[in-house]
Amino acid sequence: MGAGPDPGPGPGSDGAPVGRRVVLGLLGLGALGVVTGASVQDGLSKLLAPVQLRDPTGLTSLVPLGNTWRYYSVTGAVEPRDATTYSLKVAGLVDHPTTYRLRDLEALPQLSFTDTFHCVTGWHVPDVPWTGVRLSDLLDRAAPTSKAVGVRFHSFDGTYSVNMTLDQARADDVVVALGMYGKPVTHDHGGPVRIYSGSMYGYKSTKWLSEIEVTDNNDPGYWEARGYPLDGFIGE
Ligand SMILES: Nc1nc2c(c(=O)[nH]1)N[C@H]1C(S)=C(S)[C@@H](COP(=O)(O)O)O[C@H]1N2
Ligand SMILES: [Mo]
């Protein structure tokens, strides 16, 4: 796979849809990455993030970046938060609403496991080690009321949100992740705290997590309102 010649004149050449032109251009960039090494590929995958956002068809997933991360954000620059500025609210239909600082979350029992990350647009990253607090532990501590049926995750990017049913949110492989690859979750990956849901596609894993709101509904979140399935289970 490489920066092959343009398919040439023909009906598709002038009238090619924008998406196809973008992909052809990116194939050239991908070949450059293969020649010049992984660090260039990392840089490229960051550069490609905004392109991906304008690519609802997922065609840019065909770009030969290998099994590597794409950094996604539906907003522009997100202001970083750290141990002094970060907090996570667990609120809504609960008996014990709580606000956790980073050190509070770090003091809770941590779960570690390794899993393959799947974006619904086709790329995946094998063997990602995660560490975090089981969401079910935080929900137990908050004590949802009898009217609670859903959970809405909010992001301090101010825009992104995700729904899970309360039952889905209580699954063993849904973590409030503090660590990734044995280190704190980086800002680009949604740190200092993001969700990771092992059974679901990446869009269910809210980055820059600011609030876990227990609700009486399962209203769609950001991508769920834009056509991604409300139940984001991998393979369905
Ligand atoms: N706040 C926020 N969280 C988000 C997204 C986003 O755009 N904003 N994108 C989602 C999607 S579609 C995927 S595949 C993963 C990508 O995670 P990464 O950026 O760490 O690679 O984040 C998910 N969480
Ligand atoms: Mo995704």
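Hydrogens, waters and symmetry mates are skipped; everything else that's a heavy atom, side chains included, is used. Whatever order the structure lists ligands and atoms in, that order sets their numbers, starting from 1.
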TODO: Return yes if a side-chain donor-acceptor contact under 3.5 Å exists between D157 and S155, otherwise no.
DONE: yes
- [ ] State the atoms of ligand 1, each with its element, that fall below the 4.0 Å cut-off from a heavy-atom position in W208.
- [x] 1 (N)
Open item on the list: So if I count the atoms of ligand 1 from 1 in the order they appear, which ones are less than 4.0 Å from some heavy atom of R70?
Closed with: 18 (P), 19 (O), 21 (O)
Task: Element-labelled atoms of ligand 1 that are located less than 4.0 Å from some non-hydrogen atom of S73 - done: 6 (C), 7 (O)
- [ ] Answer yes or no: does an N/O atom from D157 fall short of 3.5 Å to an N/O atom of ligand 1?
- [x] yes
Open item on the list: Polar contacts were defined as any N/O atom of the residue lying under 3.5 Å from an N/O atom of the ligand; does this apply to T206 and ligand 1?
Closed with: no
Open item on the list: If I apply the N/O under 3.5 Å rule, does Y203 come out as touching ligand 1?
Closed with: no
Open item on the list: Within the 4.0 Å heavy-atom shell around S155, which atoms of ligand 1 are there?
Closed with: 1 (N)
- [ ] Would you check if the side chain of Y160 reaches a backbone N or O of F153 as a donor-acceptor pair within less than 3.5 Å?
- [x] no
TODO: Could you list which atoms of ligand 1 come closer than 4.0 Å to a heavy atom of C119?
DONE: 14 (S)
Open item on the list: Under 4.0 Å from a heavy atom of F117: which atoms of ligand 1 are those, numbered in the order shown and with their elements?
Closed with: 14 (S), 15 (C), 16 (C), 17 (O)
- [ ] Mind checking whether W69 contacts ligand 1 via backbone (N, CA, C, O), side chain (CB onward), both or neither, at a 4.0 Å heavy-atom cut-off?
- [x] side chain
- [ ] Give the contacting part of F156 toward ligand 1: side chain, backbone, both or neither, where contact means a heavy-atom distance below 4.0 Å.
- [x] neither
Task: NZ/NE/NH1/NH2 to OD/OE distance under 4.0 Å, R134 and D172 - done: yes
Open item on the list: Tell me which pairs pass side chain to side chain donor-acceptor pair (under 3.5 Å) where either residue lies in residues 110-119, with sequence neighbours left out.
Closed with: S112-T131, D115-Y196
Open item on the list: Out of all atoms in ligand 1, which are within 4.0 Å of some heavy atom of W123? Include the element for each.
Closed with: 14 (S), 21 (O)
- [ ] Can you sort out which atoms of ligand 1 are near Y71, meaning under 4.0 Å from one of its heavy atoms?
- [x] 19 (O)
Open item on the list: What I want to know is whether Y72 and ligand 1 share at least one N or O pair that is separated by under 3.5 angstrom.
Closed with: yes
TODO: May I ask you to check whether T84 and D82 show a side-chain donor-acceptor distance below 3.5 Å?
DONE: yes
Open item on the list: I'd like to know if E211 and R152 make a salt bridge, using a cut-off of under 4.0 Å between side-chain N and carboxylate O.
Closed with: no
Open item on the list: Heavy-atom pairs closer than 4.0 Å: do any link ligand 1 to the side chain of R194, the backbone, both, or neither?
Closed with: side chain
Task: Proximity of Y72 and W123 rings by center, below 6.0 Å - done: yes
Task: No-hydrogen, no-angle side-chain donor-acceptor test under 3.5 Å, R226 and Y203 - done: no
Task: Of D173, V133, V175, V176, the residue whose pairing with L111 passes side chain to side chain contact (heavy atoms under 4.5 Å, CB included) - done: V175
TODO: Flag the pair H189 / Y71 as yes when their ring centroid distance falls below 6.0 Å, and as no otherwise.
DONE: yes
